[in-house]
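Only a predicted model underlies this, so the values are computations on that prediction, with no experimental measurement involved. Lettering follows sequence order; numbering is per chain, from 1.
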There are 2 protein chains.
Amino acid sequence: METSKQSVTRSLSVTDWLRENILSGALGPGERLQEVRLSEHLGVSRTPVRAALHSLAAAGLVDYAPNRGYMVRDFPIPEMIDAYEIRGALEGLAARFAAERGLTRDQETALEAALAKGDKALAEAALLGPDFMVQFRDVNVVIHDTVLEAARNRMLAEMIRISYEKPRVSNRIIVTLEIRELERRHEEHHRIYEAIMARDPVRAENIMREHVAGVKLAMVRSLRAKSAQSGQTAPA
Amino acid sequence: METSKQSVTRSLSVTDWLRENILSGALGPGERLQEVRLSEHLGVSRTPVRAALHSLAAAGLVDYAPNRGYMVRDFPIPEMIDAYEIRGALEGLAARFAAERGLTRDQETALEAALAKGDKALAEAALLGPDFMVQFRDVNVVIHDTVLEAARNRMLAEMIRISYEKPRVSNRIIVTLEIRELERRHEEHHRIYEAIMARDPVRAENIMREHVAGVKLAMVRSLRAKSAQSGQTAPA
DNA sequence: TTGTCGTTGAATGTATACAAAACAGGTTGA
DNA sequence: TCAACCTGTTTTGTATACATTCAACGACAA
């Protein structure tokens, strides 16, 4: 197995390996995932490979046809852009639930710490250098995960996780690089926190939805930049 | 196999069998799903049973713990009520996409036919008898499925399907029995269709979301009625 | 050339034997 | 009495042999 960490079972290891390779793009859309080939490549039998493929098919990362096997699913750009709308609707709902149900002491502390860390990172952006992006990414993850936890709904959490686990849609990735954008984004984090603390569900939902819409726009811009770039080298 | 229709593979048959029995409540929350027991009961080997359990775990119907197996997941009433909010958010999005992207000729025809059938069924409710509910259910399914199809987004479709495939949350079930409710519900169907035809995404989304919220309220009422009922026989 | 049909091969579907891990019970020690 | 541990049993995890299905290829006839 080429992954560093070993999961409890081989099936889970293979699942992780496949997921990572699909999300990173190492396994491209349309690529057939044949059981024997994979099992030889990974040094396990067909059984855990089959289990992993089953899981990924249910998670929507690979397509399955009876008696024909699995292939990496196609993720059209328009659908990935839509995915941000879906994320926005779901995370908006999470913010609403959080505002309705309130935060635990720990969640409140975690959010405040994350907000403060973000403020600090933005203030020191210049001297932090490459570490800055790492820190800001962590802040982002903590804030969104905590709001989701505060929503207290397993099904919602699973759906948001599914919407994350697609190429190019993770909140683990900060698309934009402009500091101005990040400042606005973090300002929104503050406002989401305030709305939840004020127990204002409607406002919490609206801000969160707008927040994700902002991320979507940044991603669309970055995609356009990329396609313009590749357009120069390969116009077809 | 006790199910009537045979799927292409045994794995799929077992998956269907398990899903149906969980959704119907024949397999209750917490019930352990042991591979050998199931395979003997269904007359197949452990392999297809394992495959089915894997799929259902990914679909969120059963819980899995490594080396400990599977059990039917718990579906707390509050989470099932939340599920309607999730459905509302997602179906609202679908209506918005449909309004943005427009209907094909076929979709338009299908919606108009379903609306007319619903009108007719409501008008003749008294003399249709038990057939009435069946017809109205069909109308409901066609309308929601067609809007979803018009949204042209596979990921959204899959998520809505997942939110349906929980006990008590299907649009295949009409909770309310009051004709007045159904008339209002169907009136909303008309308005959703109009908003989509008018290419008004915001309005389409809002109406659809309200529409699902109405279904949620009817379901909450019906749950309260049921718990009051069972409360008489078993107050604890 | 084109269409149909049968063969062939490669892939998935299934069953089953064996390995490893978790649970339950009793035993032994303090 | 209680706790820790050892051990048999049960259950899941894995490997592999065999069955089945599908798709591609080529032969043959129109």
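Closest-nucleotide positions on DNA chain D for A/Asn67 and B/Arg32 were compared, and the one nearer the 5' end corresponds to B/Arg32.
Within residues 45-63 of chain A, the residues having any heavy atom under 4.0 Å from DNA chain C are, by residue number, A/Arg46, A/Arg50.
Taking atom CZ of residue B/Arg10 and atom C1' of nucleotide D/dC18, one finds them 13 Å apart after rounding to whole Å. For the pair B/Arg37 CZ and D/dT10 C1', the computed distance is 14 Å after rounding to whole Å. In this structure, B/Glu35 atom CD and D/dG13 atom C1' are separated by 8 Å, rounded to whole Å. Separating the OH atom of B/Tyr64 from the P atom of D/dT11 is a distance of 16 Å, rounded to the nearest angstrom.
In this structure a side-chain-to-backbone donor-acceptor pair under 3.5 Å is missing from B/Asn140 to B/Phe136. A donor-acceptor contact shorter than 3.5 Å links the side chain of B/Arg101 to the backbone of B/Ala151. When atom types are taken as modelled, the side chain of B/Arg87 and the backbone of B/Tyr164 share no donor-acceptor pair closer than 3.5 angstrom. Proximity of a side-chain donor or acceptor of A/Arg10 to a complementary backbone N or O of A/Pro48 within less than 3.5 Å is not detected.
With A/Thr15 as the fixed residue, the side chain to side chain contact (heavy atoms under 4.5 Å, CB included) test singles out one of A/Leu56, A/Val49, A/Leu61: A/Leu56.
Atom CZ of B/Arg161 has more than 12 neighbouring heavy atoms from other residues, nucleotides or ligands inside a 6.0 Å radius. Within a 6.0 Å sphere centred on CZ of A/Arg37, heavy atoms belonging to other residues, nucleotides or ligands number 12 at most.
Among the heavy atoms of the strands, none lies under 4.0 Å from A/Tyr70.
Scanning for side-chain contact (heavy atoms from CB on, under 4.5 Å) contacts around B/Ala57 gives B/Val62, B/Tyr64, B/Tyr70, with sequence neighbours left out.
Extent of DNA chain C lying under 4.0 Å from chain A heavy atoms, first and last nucleotide in 5' to 3' order, is C/dA11 to C/dT14.
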